Visitor: 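Shown below is the structure under consideration.
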Amino acid sequence: MTSAPEPTPWHVVVPVKRAVVAKTRLDPPPPLSRPDLARAVARDTLDAVCRAVPAAQVTVVTSDADARRAALTLGATVVPDPGTGLDDAVAAGLATLAGPWCAVLLGDLPALDAASLRAALATCSAYPGAVVPDAQGTGTVLLTSTRGRPVPRFGPGSAARHARAATLLALDLPRLRRDVDTWADLGEALSLGVGKHTRAALARLE
């Protein structure tokens, strides 16, 4: 039996885009569809988050039915995605949080494990605001604030934008920092070890 996550002051917002419009650069060969792969990646991310942080402190922003079911099954809160972009989705999730310790984690991290997220949040807790970049160092995978809601500035080059108001932390946590947008990214995630849902999806190609 998996042990319950340790108590933490952090509340984590995870935006998950509708699978039919997600990961447009990650088209797999038949019989695996891109939406199915996107859903598997999101489910593995949510599983890891809810092992690192109590599910009651996780808010998933999505209008994808599969992601909604997965989040509710885990015990997380679900907020509808307003459908006007990633920053607005993150803002919708943050608006529901009452405490000052807020984190935003992207939902496309199939190699994420609970230990990596706990380690990152522990490090971020020492800073009023912090940003952990993706493996390339330009995007953002984790944005935190210990003083209320951070201001989301996602999109290409977001790490530099977030770093104007937060401390940039290039942590040695490859499982956390490996988001997936291309097959090369997914190959790197596979070398780190992906979750069961992504493994099951990719098994259809064998």
Side-chain angles (χ1 to χ4, degrees), residues 1-3 5 12-53 55 58-76 78 81 86 89-90 104-120 132-142 154-156 158-159 171-206:
M1 180 179 296
T2 303
S3 59
V12 182
V13 170
V14 185
V16 177
K17 186 182 289 189
R18 286 193 304 127
V20 294
V21 294
K23 300 299 158 195
T24 54
R25 290 187 289 158
L26 201 59
D27 268 324
L32 179 59
S33 72
R34 176 177 49 79
D36 283 345
L37 180 56
R39 290 185 184 106
V41 167
R43 291 189 70 181
D44 281 329
T45 305
L46 295 179
D47 282 355
V49 175
C50 290
R51 288 195 299 270
V53 177
V58 177
T59 298
V60 179
V61 185
T62 191
S63 292
D64 185 84
D66 183 83
R68 183 179 187 277
R69 283 192 298 270
L72 292 175
T73 298
L74 290 166
V78 176
D81 187 336
L86 181 54
V90 170
V104 179
L105 180 79
L106 294 195
D108 60 347
L109 308 172
L112 181 66
D113 60 353
S116 295
L117 181 54
R118 284 195 297 264
V132 179
D134 60 15
Q136 282 78 22
T138 57
T140 300
V141 294
L142 180 65
F154 287 93
S158 65
L171 303 178
D172 185 17
L173 295 170
R175 285 180 172 271
L176 168 69
R177 296 179 61 186
R178 182 64 281 167
D179 59 343
V180 291
D181 290 310
T182 67
W183 276 103
D185 297 340
L186 184 58
E188 291 182 16
L190 285 167
S191 70
L192 295 168
V194 297
K196 64 180 181 181
H197 299 292
T198 304
R199 289 198 309 270
L202 293 173
R204 302 178 201 173
L205 302 178
E206 296 178 358

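Quantities reported herein were computed from a predicted structural model and do not represent experimental measurements.
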Visitor: Quick check for you: to the nearest 0.5 Å, what is the distance between L117 atom CG and L173 atom CG?
Guide: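 One finds 9.5 Å between CG of L117 and CG of L173.
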Visitor: Does CZ belonging to R118 count more than 12 external heavy atoms closer than 6.0 Å?
Guide: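 Check passes, neighbour count above 12.
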Visitor: Starting at CG of L202, measure out to CG of L190 and round the result to the nearest 0.5 Å.
Guide: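 Between L202 CG and L190 CG, I get 5.5 Å after rounding to 0.5 Å.
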Visitor: May I have all residue pairs that pass salt bridge (Lys or Arg N to Asp or Glu O under 4.0 Å) and include part of residues 195-204, sequence neighbours excluded?
Guide: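 Only D36-R204 qualify under salt bridge (Lys or Arg N to Asp or Glu O under 4.0 Å).
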Visitor: Drop me the distance from D47's CG to D113's CG, to the nearest 0.5 angstrom.
Guide: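 If I round to the nearest 0.5 Å, the distance is 12.5 Å.
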Visitor: Please report the shortest heavy-atom distance between A120 and L176, naming the atom on each side.
Guide: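 Scanning both residues completely, I find the closest heavy atoms to be CB-CD2, 3.5 Å.
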Visitor: Give me the atom names and distance for the closest heavy-atom approach of C50 to P5.
Guide: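 Result for this residue pair: O-CG, 3.2 Å.
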Visitor: Counting only heavy atoms from other residues, nucleotides and ligands, does the tally under 6.0 Å from CZ of R18 exceed 12?
Guide: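 Not more than 12 within 6.0 Å, no.
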Visitor: Could you grab the distance from atom CG of D44 to atom CG of L109, nearest 0.5 Å is fine?
Guide: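 Atom-to-atom, D44:CG and L109:CG are 10.5 Å apart.
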Visitor: Are the side chains of T62 and P15 in contact, using a 4.5 Å heavy-atom criterion?
Guide: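 The answer is no, as the side chains (C-beta and beyond) never meet within the 4.5 Å cut-off.
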Visitor: Name all residues meeting the salt bridge (Lys or Arg N to Asp or Glu O under 4.0 Å) criterion together with D64; count only those two or more places apart in sequence or in a different chain, and write none if there are none.
Guide: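 With sequence neighbours excluded, D64 shows a salt bridge (Lys or Arg N to Asp or Glu O under 4.0 Å) to R39, given in chain and number order.
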Visitor: Can you run down the side-chain hydrogen bond (donor to acceptor under 3.5 Å, both in side chains) pairs that involve residues 176-189, sequence neighbours left out, and say none if there aren't any?
Guide: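 Non-adjacent pairs meeting side-chain hydrogen bond (donor to acceptor under 3.5 Å, both in side chains): K23-D181, Q136-R178, R178-D185, R178-E188, T182-D185.
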Visitor: To the nearest 0.5 angstrom, please state how far the CZ atom of R69 sits from the CG atom of L74.
Guide: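 CG of L74 is found 13.0 Å from CZ of R69.
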Visitor: Any idea which heavy atoms bring V20 and P35 closest together, and the distance?
Guide: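 V20 and P35 have their closest heavy atoms at CA-CG, 4.1 Å.
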Visitor: How many angstroms lie between CZ in R51 and CG in L46, if you round to the nearest 0.5 Å?
Guide: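 That separation rounds to 10.5 Å.
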Visitor: Might you point out which heavy atoms bring A111 and A189 nearest each other, and give the distance in Å?
Guide: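 Looking at all heavy atoms of both residues, the closest pair is CB-O, 3.9 Å.
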Visitor: Give the intermediate values and the outcome of side-chain contact (heavy atoms from CB on, under 4.5 Å) for residues L112 and L105.
Guide: CA-CA 11 Å; L112 181 66; L105 180 79; 3.8 Å; yes
Visitor: What's the shortest heavy-atom distance between A71 and V60, and which atoms?
Guide: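 So the two residues come closest at CB-CG2, 3.7 Å.
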Visitor: Within a strict 4.5 Å, meaning less than it, do heavy atoms of the D134 and L106 side chains meet?
Guide: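 A side-chain contact is absent here, since even the closest heavy-atom pair is not under 4.5 Å.
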Visitor: Which pair of non-hydrogen atoms, one from R34 and one from A22, has the smallest distance, and what is that distance?
Guide: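 What the structure gives for the nearest pair is NH1-O, 2.5 Å.
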Visitor: Verify side-chain contact (heavy atoms from CB on, under 4.5 Å) between D66 and R43, making sure each step is shown before the conclusion.
Guide: CA-CA 9 Å; D66 183 83; R43 291 189 70 181; 3.5 Å; yes
Visitor: Measure the shortest side-chain to side-chain distance between T140 and V104 over non-hydrogen atoms and say whether it is less than 4.5 angstrom.
Guide: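 No, their side chains stay 4.5 Å or more apart.
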